[in-house]
K.L.:
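Below is a structure I'd like to ask you about.
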Amino acid sequence: MASSSSLVQKQKLVFLVLIIGLLFSYGNANWYGTGMTNLGNPDSIDPNGNVINPLKKCGFDKMYLLGGSLSDTGNLISETVGSTLPFGKQPYSHGRSSNGLLITDNFAYEAGINPIPDPYKDLNLYFNKGVNFAVAGSTALPTEVLATKYMISSPVTNSSLDVQLDWMSDYFSSDTCLNDNGCTDRYNKAIFFVGEIGGSDYQYAILQGKLTMDQLTDMVPDVVAAVINATKGVLNLGARRVVIPGIFPLGCLPIYKTLFQSNVSTNYDENQCLNQLNDLARNHNEQLQEGINGLMRENPNAVLVYGDYYQAYKHLHRIATLNDFDTERACCGIGGDYNFNVTTMCGHGGVNNFMGRNRYISWDGINLTRIGNKIMANWLIRKTVPKLQCQS
């Protein structure tokens, strides 16, 4: 995959832009309801006409999360309090890289976990419904491994997956159980998410000049191994039901369609997504599934479920097309065919007026809108619940 000269010239600006963009793209929440149809609601109807919520039969009462911007509900903002970077006025709240609930928020809501787990870094909150350790912009690989092995820096945060796992371990060590069965009950009734994470590893590689498919493909085994090792760590802490999501079809995201825009039609698939980057995502997801299968053999008493974010995104694209959504452009952005510019990302002056936000699936060119997250979550819940082996 070739780099354009203009992209190379912009690389020095990208690091600061990524930080600012992530912080400013946190959307104000219009939490529930969409006003749209055909979203694939996860509920079903029993023979008596009663609505059945498939997740609620699992009886989950807590959720614990590791991951990146698709799960972070405020940890990155807490990390950057007092920063001297020119963030300017923060226009949004709630700490999410979207304009509403995330995919994992929807999981919690549909499971009846209320309130939704709070971010670990917010020390003023109570964690009676679980804890969210995810940090937007974090990598699966430790930052020192990225730096020494791949000469890649993590410009947004140093709170990589291993750091988040350490936080979880520290929290569980300090969380005293109320009785002899308390800890067992906590794990048996909890659902864990390890990811989505890994997408930022490839994103930083691309933005820092690792632009050939061979270079990106070389990273995949290490990135996947980091996710599998974190899952092992979660299991060692006592988790019994764990969802390990894969990554999106990267070639469908406005950030990459902007960076690698081409007039060569064979570079794109039927959905106008970049073939080579989607191949990279499939490679990652296939290796991740192999790793999960190995963990399942090693841990027969645990329930490990691959979260198919790749196919869920494809489903989102189909539903969005049926509902005449904008599937190409970022809602919060400016410029070009995809309403995205790496030097003027969501949150900069002039790009915070989001008219018609309910008609987009991409929020900032990287993350999804509230409605995009909802559609994906509905599909994932339907596909995931049977594999969680919950008691009826």
Side-chain angles (χ1 to χ4, degrees), residues 3-4 6-26 66-72 74-88 90 92 95-98 119 121 133-164 195-211 215-216 218-219 222-223 226-227 247-248 250 253-256 258-260 277 280 330 332-333 340-348 351 363-367:
S3 167
S4 68
S6 61
L7 175 60
V8 174
Q9 293 170 359
K10 291 176 181 175
Q11 285 173 359
K12 292 183 179 180
L13 299 175
V14 163
F15 302 148
L16 178 60
V17 168
L18 279 169
I19 299 171
I20 295 174
L22 278 166
L23 287 168
F24 280 99
S25 66
Y26 294 127
L66 309 176
S69 63
L70 298 184
S71 302
D72 183 11
N75 285 315
L76 179 63
I77 282 186
S78 295
E79 282 190 354
T80 53
V81 170
S83 172
T84 58
L85 289 171
F87 296 137
Q90 177 64 280
Y92 299 119
R96 290 164 171 80
S97 298
S98 182
K121 287 287 188 174
F133 301 94
V135 183
S138 62
T139 57
L141 287 171
T143 54
E144 59 271 20
V145 173
L146 281 173
T148 57
K149 185 170 183 177
Y150 295 104
M151 305 304 170
I152 297 169
S153 64
S154 178
V156 177
T157 177
N158 290 324
S159 299
S160 52
L161 190 53
D162 61 319
V163 173
Q164 296 174 31
E196 182 270 346
I197 196 163
S200 290
D201 298 66
Y202 306 124
Q203 180 181 323
Y204 300 153
I206 289 170
L207 293 172
Q208 294 171 48
K210 304 290 186 180
L211 295 171
Q215 288 172 307
L216 292 169
D218 285 346
M219 294 179 63
D222 284 347
V223 174
V227 179
I247 62 176
F248 286 176
L250 300 178
L253 304 183
I255 178 175
Y256 299 117
T258 298
L259 294 175
F260 298 109
L277 284 172
L280 174 69
C332 178
F340 182 88
N341 187 322
V342 292
T343 61
T344 315
M345 288 173 65
C346 182
H348 287 72
V351 292
W363 174 244
D364 58 4
I366 303 169
N367 302 285

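Note that this is a predicted model, so its numbers are computed, not measured.
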K.L.:
If only atom types and distance count, is the side chain of Ser97 paired as donor or acceptor with the main-chain N or O of Ala136 below 3.5 Å?
P.N.:
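It does not hold such a pair.
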K.L.:
What's the spacing between Ile366 CD1 and Gln203 CD if we round to 0.5 Å?
P.N.:
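With rounding to 0.5 Å, CD1 (Ile366) is 4.5 Å from CD (Gln203).
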K.L.:
How long is the gap from OH on Tyr256 to CG on Leu280, to the nearest 0.5 Å?
P.N.:
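Going from the OH atom of Tyr256 to the CG atom of Leu280 covers 9.0 Å.
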K.L.:
Do any N or O atoms from the side chain of Thr139 and from the backbone of Leu141 form a donor-acceptor pair under 3.5 angstrom?
P.N.:
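Flag set: sc Thr139 to bb Leu141 pair under 3.5 Å.
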K.L.:
Can you find a heavy atom in the side chain of Phe248 that is under 4.5 Å from one in the side chain of Leu70?
P.N.:
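Yes; the side chains approach each other to less than 4.5 Å.
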K.L.:
Write down the atom of Ile197, the atom of Ala140, and the distance for their closest heavy-atom approach.
P.N.:
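Scanning both residues, the minimum pair turns out to be CG1-N, 3.8 Å.
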K.L.:
For the residue pair Leu216 and Ala205, what are the closest heavy atoms and their distance?
P.N.:
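Where Leu216 meets Ala205 most closely, the heavy atoms are CD2-CB, 3.9 Å.
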K.L.:
Has the side chain of Glu196 got a donor or acceptor atom that lies under 3.5 Å from a matching backbone atom of Gly68?
P.N.:
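A pair under 3.5 Å: no.
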K.L.:
Would the distance check show the side chain of Ser71 and the main-chain N or O of Gly67 forming a donor-acceptor pair, the cut-off being under 3.5 Å?
P.N.:
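Checking the backbone N and O of Gly67 against the side chain of Ser71, no donor-acceptor pair under 3.5 Å is found.
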K.L.:
Could you tell me which non-hydrogen atom of Ser138 sits nearest to which non-hydrogen atom of Ser160, and how far apart they are?
P.N.:
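Closest pair (atom of Ser138, atom of Ser160, distance): CB-CA, 4.3 Å.
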K.L.:
Would you say Ser98 and Asn367 are linked by a side-chain donor-acceptor pair, where the criterion is simply a distance under 3.5 Å?
P.N.:
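Distance-only check fails for Asn367 and Ser98.
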K.L.:
On a heavy-atom basis, which atom in Thr148 and which in Glu144 lie closest, and how many Å separate them?
P.N.:
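Closest heavy-atom pair between Thr148 and Glu144: OG1-O, 2.7 Å.
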K.L.:
I need the Ser69 OG to Trp363 CH2 distance, nearest 0.5 Å.
P.N.:
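The OG atom of Ser69 sits 13.5 Å away from the CH2 atom of Trp363.
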K.L.:
Mind running side chain to side chain contact (heavy atoms under 4.5 Å, CB included) on Phe260 and Thr258 for me, showing each step along the way?
P.N.:
CA-CA 6 Å; Phe260 298 109; Thr258 298; over 6 Å; no
K.L.:
Would you sort out whether Ser159 and Glu79 count as a side-chain hydrogen bond (donor to acceptor under 3.5 Å, both in side chains), showing the intermediate values?
P.N.:
CA-CA 9 Å; Ser159 299; Glu79 282 190 354; 2.3 Å; yes
K.L.:
Over all heavy atoms of both residues, which pair between Asp364 and Cys346 is shortest? Give the atoms and the distance, please.
P.N.:
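Taking every non-hydrogen atom into account, CB-CB, 3.7 Å.
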K.L.:
Are side-chain N/O atoms of Asp201 and Tyr150 paired as donor and acceptor at under 3.5 Å?
P.N.:
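No, because no side-chain N or O of Asp201 sits under 3.5 Å from a partner of the opposite role on Tyr150.
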K.L.:
Taking the side chain as everything from C-beta on, heavy atoms only, tell me whether Leu259 gets closer than 4.5 Å to Val342.
P.N.:
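Leu259 reaches Val342 side chain to side chain.
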K.L.:
As a quick check of understanding, evaluate side chain to side chain contact (heavy atoms under 4.5 Å, CB included) for Met345 and Ile255, giving each step before the final call.
P.N.:
CA-CA 10 Å; Met345 288 173 65; Ile255 178 175; 5.7 Å; no
K.L.:
Assess whether side chain to side chain contact (heavy atoms under 4.5 Å, CB included) is satisfied between Met219 and Ile152, documenting all intermediate values.
P.N.:
CA-CA 11 Å; Met219 294 179 63; Ile152 297 169; 4.1 Å; yes
K.L.:
Hey, are the side chains of Tyr204 and Ser154 touching, using non-hydrogen atoms and a 4.5 Å cut-off?
P.N.:
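Yes, at least one pair of side-chain atoms sits under 4.5 Å.
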K.L.:
What closest approach, in Å, do Ala134 and Gln164 show between heavy atoms, and which atom pair accounts for it?
P.N.:
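That closest heavy-atom pairing would be CA-OE1, 3.5 Å.
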K.L.:
Hey, are the side chains of Ile77 and Lys121 touching, using non-hydrogen atoms and a 4.5 Å cut-off?
P.N.:
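Of all side-chain heavy-atom pairs linking Lys121 with Ile77, none is under 4.5 Å.
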K.L.:
Distance-only, no hydrogens or angles: does the Tyr202 side chain make a donor-acceptor pair with backbone N or O of Leu277 under 3.5 Å?
P.N.:
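Side chain of Tyr202 to backbone of Leu277, a donor-acceptor pair under 3.5 Å: no, none is there.
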K.L.:
I'd like to know if the side chain of Thr344 and the backbone of Asn341 have a donor-acceptor N/O pair within less than 3.5 Å.
P.N.:
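No; judged by distance alone, with no hydrogens or angles, the pair does not exist.
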K.L.:
Could you give me the CA-CA distance, side-chain angles and deciding distance for Val156 and Leu76, then say whether side chain to side chain contact (heavy atoms under 4.5 Å, CB included) is met?
P.N.:
CA-CA 9 Å; Val156 177; Leu76 179 63; 3.9 Å; yes
K.L.:
Looking at Asp72 and Arg96, does any basic side-chain N land under 4.0 Å from a carboxylate oxygen?
P.N.:
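Here Asp72 does not pair with Arg96 in a salt bridge, since their nearest N and O are not under 4.0 Å apart.
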